Asker: 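Okay, here's the structure, questions in a sec.
This one's a predicted model, so the numbers in the text were calculated from it and none came from an experiment.
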Amino acid sequence: MISKENILAIAKKTILSESESITNLQNLLDENFPDATQAIYNSKGRLIVTGIGKSAIIAQKMVATFNSTGTPSMFLHASEAIHGDLGMVQGDDIIICISKSGNSPEIKVLVPLLKRFGNTLIAITGNMTSFLAKGSDFVLNTTVEAEACPNNLAPTNSTTAQLVMGDALAVCLMEMRDFKAEDFAIYHPGGALGKKLLLKVKDMLEHTLKPMVSPDSAIKKVIFEISEKRLGVTAVVDQEKVVGIITDGDIRRMLNERDSFAELTAKDIMTKNPKLIQSTAMVVDALNILEDFSITQLVVVDNGEYKGVLHLHDILKEGIV
């Protein structure tokens, strides 16, 4: 029975082995990398990424990364390509072919077909003398000394190196395109990530719940407004401008400090100069303000006009955090 200590030692050895393989990639880069990157950037077609076996899985991940960062891409399985799927390849497309050995039967069949169509071919391979390397326009070297597998058989270091090379291409292309967070959001509209990048304060305002009292409003009216609108706060508005806010916490403190509040009005207990935000601001920016000041509500104002209240609980319901 292998001990816990041995399991940990094996895991650490594997991680170290893969990290060393990745680190060594920078020593393998040559002029082929910028030339290949420039070719992809200048292409009027799509980027087709192909491979077989574990390399095909890496190819699919690369395609997902390229597509989400502004490089239109498609996955083509090498074995399916030679049985009809080559029809998806168009004349302006650039093709990345991934193969550790570069000499598998499918690759040997596929490469001449791709070259016959006249497409630019980029190889990602660990064998610089392979059939694939010799038949490609650009070769990105992902050679590893050995796999992390104890038998030096299961693709581990080699597939990690392939993946990192693909990420390096994607990041360079992002920089060349000046690809910003706003662009990224276009391709990620769903889920927490999409909401962080796209959701604006105005998208979350419930305009039917717009708590508001005047500075001279009686405390009873203030309590009623806070309770009816269910946001735990009301804005104090004078001549259409927000001059303060009153939270349910302010009400509790008032009750603790006074036996009677009949003579009080909203202006006597309101917090002046509340934190404001515009409706066009991003919700994630509103969340940062709430966290920075340890508050749960923000008053939304556009050009001095009161628009409503954004509550921390509503942001949490959206799953942004």
Side-chain angles (χ1 to χ4, degrees), residues 21 24-67 71-147 153 155 157-170 172-173:
S21 295
N24 188 54
L25 281 181
Q26 60 186 325
N27 300 320
L28 303 180
L29 292 176
D30 58 18
E31 67 279 358
N32 277 268
F33 187 90
D35 290 347
T37 306
Q38 194 71 52
I40 297 171
Y41 177 75
N42 292 330
S43 172
K44 296 180 180 179
R46 303 158 301 171
L47 181 60
I48 309 293
V49 190
T50 186
I52 194 166
K54 305 297 187 296
S55 295
I57 298 172
I58 299 300
Q60 291 179 69
K61 191 276 177 186
M62 284 189 192
V63 166
T65 300
F66 285 129
N67 277 327
T71 300
S73 305
M74 292 182 63
F75 169 68
L76 174 65
H77 197 285
S79 64
E80 297 299 327
I82 60 179
H83 291 286
D85 281 1
L86 268 177
M88 73 171 62
V89 179
Q90 300 175 4
D92 291 329
D93 294 341
I94 289 183
I95 301 165
I96 293 178
C97 186
I98 310 171
S99 173
K100 177 187 176 182
S101 71
N103 286 321
S104 64
E106 294 85 357
I107 297 299
K108 287 186 174 182
V109 173
L110 180 60
V111 168
L113 295 174
L114 295 173
K115 296 307 295 180
R116 186 181 68 188
F117 293 154
N119 295 87
T120 298
L121 180 59
I122 302 169
I124 295 181
T125 183
N127 184 353
M128 298 300 285
T129 62
S130 65
F131 186 87
L132 173 61
K134 292 178 180 178
S136 298
D137 298 287
F138 307 105
V139 185
L140 307 184
N141 189 351
T142 53
T143 299
V144 297
E145 289 187 6
E147 301 289 2
L153 293 174
N157 290 0
S158 59
T159 47
T160 301
Q162 293 168 356
L163 185 63
V164 171
M165 188 65 75
D167 286 342
L169 281 171
C172 287
L173 289 164

Asker: Please report the interatomic distance CG(Leu163) to CE(Met62), rounded to the nearest 0.5 Å.
Answerer: 6.5 Å
Asker: Taking Phe131 as the fixed residue, which of Ser99, Pro112, Ser101 is the one that meets the side chain to side chain contact (heavy atoms under 4.5 Å, CB included) rule?
Answerer: Pro112
Asker: Scan side-chain atoms only and decide if Thr143 and Asn141 contain a donor-acceptor pair under the 3.5 Å cut-off.
Answerer: yes
Asker: Supply the atom-to-atom distance Phe33 CZ to Leu140 CG, rounded to the nearest 0.5 angstrom.
Answerer: 6.5 Å
Asker: Mind checking whether Leu110 and Leu132 have side chains closer than 4.5 Å, heavy atoms only?
Answerer: no
Asker: Go through the side-chain N and O atoms of Asn24 and Asn27 and say whether any donor and acceptor fall under 3.5 Å apart.
Answerer: yes
Asker: Look at the side chain of Asp93 and the backbone N and O of Gly45, then say whether any donor-acceptor pair between them is shorter than 3.5 Å.
Answerer: no
Asker: Kindly say whether Ile48 contributes a backbone atom to a donor-acceptor pair with the side chain of Ser73 at under 3.5 angstrom?
Answerer: no
Asker: Give a yes or no answer on whether the side chain of Asp92 reaches the backbone of Lys44 with a donor-acceptor pair at less than 3.5 Å.
Answerer: no
Asker: How far does CE of Met165 sit from OG1 of Thr125, to the nearest 0.5 angstrom?
Answerer: 11.0 Å
Asker: As an exercise, state the distance from CD of Glu80 to CD of Glu106, rounded to the nearest 0.5 Å.
Answerer: 10.5 Å
Asker: For His77 and Asp85, what are the C-alpha separation, side-chain angles and deciding distance, and is it a side-chain contact (heavy atoms from CB on, under 4.5 Å)?
Answerer: CA-CA 8 Å; His77 197 285; Asp85 281 1; 5.9 Å; no
Asker: What's the spacing between Ile52 CD1 and Ile98 CD1 if we round to 0.5 Å?
Answerer: 12.5 Å
Asker: Between Glu147 and Pro155, is there a donor-acceptor pair closer than 3.5 Å when you use the side chain of the first and the backbone of the second?
Answerer: no
Asker: Is the number of heavy atoms from other residues, nucleotides or ligands under 6.0 Å of Lys115 NZ greater than 12?
Answerer: yes
Asker: Could you tell me the separation between the NZ atom of Lys100 and the CG atom of Asn157, rounded to the nearest 0.5 Å?
Answerer: 8.5 Å
Asker: If we check side chain to side chain contact (heavy atoms under 4.5 Å, CB included) with Ile96, which of these qualifies: Thr50, Ile40, Leu121?
Answerer: Ile40
Asker: Measure the shortest side-chain to side-chain distance between Asn67 and Val63 over non-hydrogen atoms and say whether it is less than 4.5 angstrom.
Answerer: yes
Asker: With a 3.5 Å distance limit and no angle check, can you tell me whether Ser43 reaches the backbone of Ala39 through a side-chain donor-acceptor pair?
Answerer: no
